[in-house]
Amino acid sequence: MRRISEPTTPRASAESPASLFSGESRYGATSTDLQSIACYPRAPMRWSQSFLVTLREVPGDAEVVSHQLLYRAGLVHKLAAGIYSYTPFGFRSLRKMTEIVREEMDAAGALEVDLPILQPKELWVESGRWDRYMNEGILFHLKDRKDAEFALAPTAEEAVTDMVRRSVTSWRQLPFNLYQIRTKFRDEIRPRFGLLRGREFLMKDAYSFDIDQKGLDAHYKKMDGAYRRIFDRCGLEFAVVQADSGAIGGSASEEFMVVADTGEDALVFSDAGDYGANIEKAMTGKLPEPWAGEEARPFGEANAPTPGITTTEGQAKHLRTTPARIVNTMIYEAVGADGKARLAAVLIRGDLDINEVKLPKAIGALHVRLASEEILRKVTGTRPGFVGPLGLLPFEENPISLFIDRSLEHGANLWCGANREGLHHSGVSIARDVMSQPAFASVVEIATAREGDPSPMGAGTLHIKRGIEVGHIFKLGTKYSESMKCEVADQNQKMVPLAMGCYGLGLGRTIAAAIEQHHDDVGIVWPVPLAPYACVVASLQRDAAVLAAADKLYEELKAAGVEVFYDDRDERPGVKFKDIDLVGFPVRVVVGGKGLARGVVEVSTRRERKASEIAPDRVVEVVKRTLAAGATTLAV
RNA sequence: CGGGGCGUGGCGCAGUGGUAGCGCACCUGCUUUGGGAGCAGGGGGUCGCCGGUUCGAUCCCGGCCGCCCCGACCA
C-alpha cells in the first residue's frame, strides 16, 4: 500500500492575520486584490431582509458577559440547559472560526474526515472508557430498537482508532493526522456560562498516528504551531500552559487558554516568563522554610490544648505560631488500579492546600476522595481538626500510608494534631518523628501553587490568572492503540502499537471567549476575523437623499468585496446606534442628513467609537484600509 | 448528587383563594427623526405539568418536570 499522507508545506498565507482577507478562499472568493475584505462567508445583507433580533434586557439565565452579549446581540438562543441554537449572525461567526481552523489544520498537513457521533458501546468498552465515563455520568447514551447501546460521542478516539486499525498495516503508511469539525456531546454535570460549558458543542478534534514517539513529538509540535496561528488569527490573547491530561490519559498535555477574568480555570505563570501551568498541574519552587537553621526541639515537650479549635488559623493563633508550622493531616480514601480502596494520610503545611488533581498521580491512585468522618474517627479516634500522623490505626488490616508534601520534608519544630480532641503535639520533626513511623511513608509534591510562590524553574515568582480553555493537545502515546490493538508492522516486522496524539479545539467556546476578552459596556468589540460582518452601513433618516447615499455606499462596498451589512431599517438613529454598538461591527459607516448636506458621511471603528467625516467617494478606500489594519483605529 | 433560588405575554418583572397586571417589545394611526421618541388606539398569557384541598386554585398542599446559582465533579 502506498503512503497515505505526504508531508505538507504550510501555506505562506497562513502566517499572518491578513490571510483571512487574501482572496485565496476555498469558497470561491477569487479576488486577486489582496486588500479586499473577502472574508468567508461574505454574502452582504440588508437588516430589513435579515433575521437579527436584539434584546434590550438580559435574559435572567445569563450570568457571564459573553452569554449576556450573545443573547442580547441575537447570536444564540437556548434550547435547553447547555444546548444552544445559533442564529444567522451567530452562525456566521462560528463559520468564520470553523474556516480559520480548517485552513490551519490543512496547512499543518492534517486530513479532514467525518466520523460518526453515534458510536456502539462495544468500542467504548474496548478502550475502557465506557465504565469510566459512565461512572462520571457524562456520557450521553441510548439504545436502538434492538436494545443495543450507543454513545453520543464526546470525543472520537475509539472511532478513529477503529478506522485506522482496519486500514493500516505497515509503518510505511504512516504518519498522518486526521481531524474533523463536528458537534460533540457531553452530559455535563453542570452546564453553565452559555457557550462556555455546553452539553452539545462544536469541536475540532484531531488524532495523529505515528510509528514512534519521535513522530508523535513532531505531530504534537506541528499542532502546537497550528493552534498558536489559529488563536493569533482570531485576535485573542492566549497562553499555553502545562495541563493535567485528565480522563483522556497520556503523557504530555498542554492547554490553550484565553486569558479572561471569568475563566473557569486558574492558571499559574512565572513572571520570569518561562513557566505556565494550569493550577491543577502547577508545581512550585522551594518555599521559604520558617524552621531553617533551627535546632529541633524534643518531641512533645510542650504539647498544648487546643480546645474546640479546628481551623488552622485559629490553632496558629492559639498556639502563638504561624500556619506554616502546623501540619494538616488529611485522611483520603484512594482507589488504586486494582479497584480497591485504601486509606492514605496526606500531610501538608497549614498554609498550603492539597491539590486533589495532583494527589492521585502522586500517590499512585486512580481516584481519591476525603474519607468520611466515620472512617476518620475509626482510624484516628478523633474528628477533623485534631488529626495527626502519629498513632494512626490500620484500616481493614492495612496500615495507613503516609504521604508528606515536599514543603514539609525538612520540617522541624512543627505542631500536629494528637489524634485526641483538643490536643496538639509540639516539637514535631518530620524526619525524626514521622518518617520513622512503621507505616509506609514518602515525600510527594501535592501542594496547590499560590500567588507569590517561587517558580519551579528556579527564577521568578508565580502569579495566578484566570483562563478559558479553548484548546487542549495531548500526547496519548499508546493508550488507545494498545487497548484497541491498533498495530502495524515496523521495519523489523515487529507489530507495534501506534503512537497517538489528540488535539481538541472548542469552536463555540472560542467565540464566547473572544467576547469575554473583547467587549465594552455597550456591546461586543469583535476581532475582525470573527465578526459576523466586517462593516455596517446605517442610514439615519428616511430622507430620500440619505437613503440614496446609503444605498450607494452599500452597493459600492459590496462591489468592492467588503463584507457589509446594511441597517436600512426605519428606526430612529438612537436605536440604530445602540444596536450597531451591541452587535459590534468592526467598522461603521453612518449616513445622516446633516453630514450629507455638507458632503460627508461618518466612518468609525467599533473599538474607538470616534467618528471621522469622510467624503462618500473615499469611504470604500477608508473602510478597506481600516479593516486590513485590523480595525483598531480608522485608517483615513 | 448535596445546598439555595426561580418557573406569570417575546424579554424583564409585579400580584391575588373569586379566572391577571406593569415596563419594554409588537400592531395601527398621527406627530417625530443624530445615542434605545411622544400621543392615541390595539393584539397577545390553558399563570411549567399532574394530582389534591375548596363552591371556586395562578395563589394553599403533594408529586413531577424545567431553569439558574453555590458546592462536589470535570478534555
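In the text below, chain A, chain B and the rest are named by the order of the sequence lines, each starting its count at 1.
- Taking the P atom of each, B/G5 and B/C74 are spaced 28 Å apart, rounded to whole Å.
- Across the P atoms, B/A14 and B/G45 are found 22 Å apart, a figure rounded to whole Å.
- Here the side chain of A/A81 is nearest to one of B/G36, B/G34, B/C67, namely B/C67.
- Counting any heavy atom pair closer than 4.0 Å across all strands shown, A/D205 reaches no nucleic acid atom.
- An OP1 or OP2 oxygen of B/C68 is reached within less than 4.0 angstrom by a side-chain nitrogen or oxygen of A/K78.
- Across the strands present, B/C11 finds its partner in B/G23; the criterion is a Watson-Crick or G-U wobble pair with both atom distances under 3.5 angstrom.
- The distance from atom CZ of A/R192 to atom C1' of B/C73 is 9 Å, rounded to the nearest whole Å.
- Nucleotide B/C47 is matched to nothing when pairs are restricted to Watson-Crick or G-U wobble geometry with both distances under 3.5 angstrom.
- The side chain of A/R199 approaches B/C67 more closely than any other nucleotide in the set B/C67, B/A25, B/G34.
- Atom C1' of B/G17 sits at a distance of 12 Å from the matching atom of B/C55, rounded to the whole Å.
- Taking the charged nitrogens against the carboxylate oxygens, A/D520 and A/R607 have no contact shorter than 4.0 Å, which rules out a salt bridge.
- Residue-level contact check: A/V53 touches neither bases nor backbone, having no heavy atom under 4.0 Å from any strand.
- When the side-chain nitrogen and oxygen atoms of A/R186 are compared with OP1 and OP2 of B/C74, none of them lie within a distance under 4.0 Å.
- Remark: A/E157 CD to A/D162 CG distance equals 13.0 Å, nearest 0.5 Å.
- In this view, A/Y84 and A/H67 satisfy the ring-ring contact (aromatic ring centres under 6.0 Å, His included) rule, not counting sequence neighbours.
- Note: NZ (A/K610) to C1' (B/G35) measures 18 Å, nearest angstrom.
- A gap of 14 Å separates the P atoms of B/G48 and B/G12, to the nearest Å.
- In this structure, the NE2 atom of A/H67 is 8 Å from the P atom of B/C68, given to the nearest Å.
- Of the candidates B/C26, B/C24, B/G71, the closest approach to any side-chain atom of A/E571 belongs to B/C26.
- Comparing B/G21 with B/C73, their P atoms sit 50 Å apart, to the nearest whole Å.
- Between the CD atom of A/E264 and the C1' atom of B/G71 there is a distance of 14 Å, given to the nearest Å.
- For A/E469 and A/G82, each mapped to the nucleotide of RNA chain B holding its nearest heavy atom, the one lying further toward the 5' end belongs to A/G82.
- In this structure, OG1 in A/T510 is found 9.0 Å from CD1 in A/I468, a value given to the nearest 0.5 Å.
- The gap from the P atom of B/G34 to that of B/G42 amounts to 30 Å, rounded to the nearest Å.
- Contacts of A/A80 with the nucleic acid, taken as non-hydrogen atoms under 4.0 Å apart, involve only primed sugar atoms and P, OP1 or OP2.
- The residue among A/T54 and A/G504 whose nearest nucleotide of RNA chain B is located toward the 5' end is A/T54.
- A salt bridge is absent between A/K610 and A/E608; no separation between the charged side-chain nitrogens and carboxylate oxygens falls under 4.0 Å.
- Under the Watson-Crick or G-U wobble criterion, with both distances below 3.5 Å, B/G35 is left unpaired in every strand shown.
- Judged by distance alone with a 3.5 Å cut-off, no donor-acceptor contact links the side chain of A/E57 to the base of B/G10.
- Nucleic acid contact class of A/E356 (heavy atoms, under 4.0 Å, all strands): sugar-phosphate only.
- As rounded to the nearest Å, B/U16 and B/C6 have P atoms that lie 15 Å from one another.
- Atom CZ of residue A/F176 and atom OG of residue A/S208 lie 9.5 Å apart, to the nearest 0.5 angstrom.
- Side chain of A/R542, nearest nucleotide from B/C24, B/G12, B/U32: B/U32.
- Not a single donor-acceptor pair under 3.5 Å links the side chain of A/R450 to the backbone N or O of A/L352.
- Residue A/G60 is classed as a sugar-phosphate contact, given heavy-atom separations below 4.0 Å to backbone atoms only.
- Picking from B/G23, B/C74, B/C69 the nucleotide with the shortest atom distance to the side chain of A/F193 gives B/C69.
- The CZ-P distance, from A/R606 to B/G35, rounds to 17 Å in whole Å.
- Rounding to whole angstrom units, CZ of residue A/R569 and C1' of B/C26 are separated by 14 Å.
- Under the Watson-Crick and G-U wobble criteria, each requiring two contacts below 3.5 Å, nucleotide B/A40 is paired to B/U28.
- Side-chain atoms of A/R72 and base atoms of B/G36 include a donor and an acceptor less than 3.5 Å apart.
- For A/D579 and B/C11, the CG to C1' distance is 14 Å, given to the nearest whole Å.
- Close to B/A37, at under 4.0 Å from its OP1 or OP2, lies a side-chain N or O of A/R572.
- Checking B/G2 for Watson-Crick or G-U wobble geometry (two distances, each under 3.5 Å) identifies B/C70 as its partner.
- Checking B/U33, B/G35, B/C67 against the side-chain heavy atoms of A/D61 singles out B/C67 as nearest.
- One N or O donor and one acceptor, one from the side chain of A/E602 and one from the base of B/G34, sit under 3.5 Å apart.
- A/D570 has its CG atom 12 Å from the P atom of B/C26, to the nearest Å.
- Base-pair partner of B/A57: not found among the strands shown (Watson-Crick or G-U wobble, both distances under 3.5 Å).
- Nucleotides B/G56 and B/A40 are separated by 39 Å at their C1' atoms, to the nearest Å.
- Side-chain contact between A/L553 and A/D551 is absent, with no heavy-atom pair separated by less than 4.5 Å.
- No donor-acceptor pair closer than 3.5 Å links the side chain of A/R606 to the backbone N or O of A/R588.
- For A/R588 and B/G34, a side-chain-to-base donor-acceptor distance below 3.5 Å is absent, hydrogens and geometry of angles not being considered.
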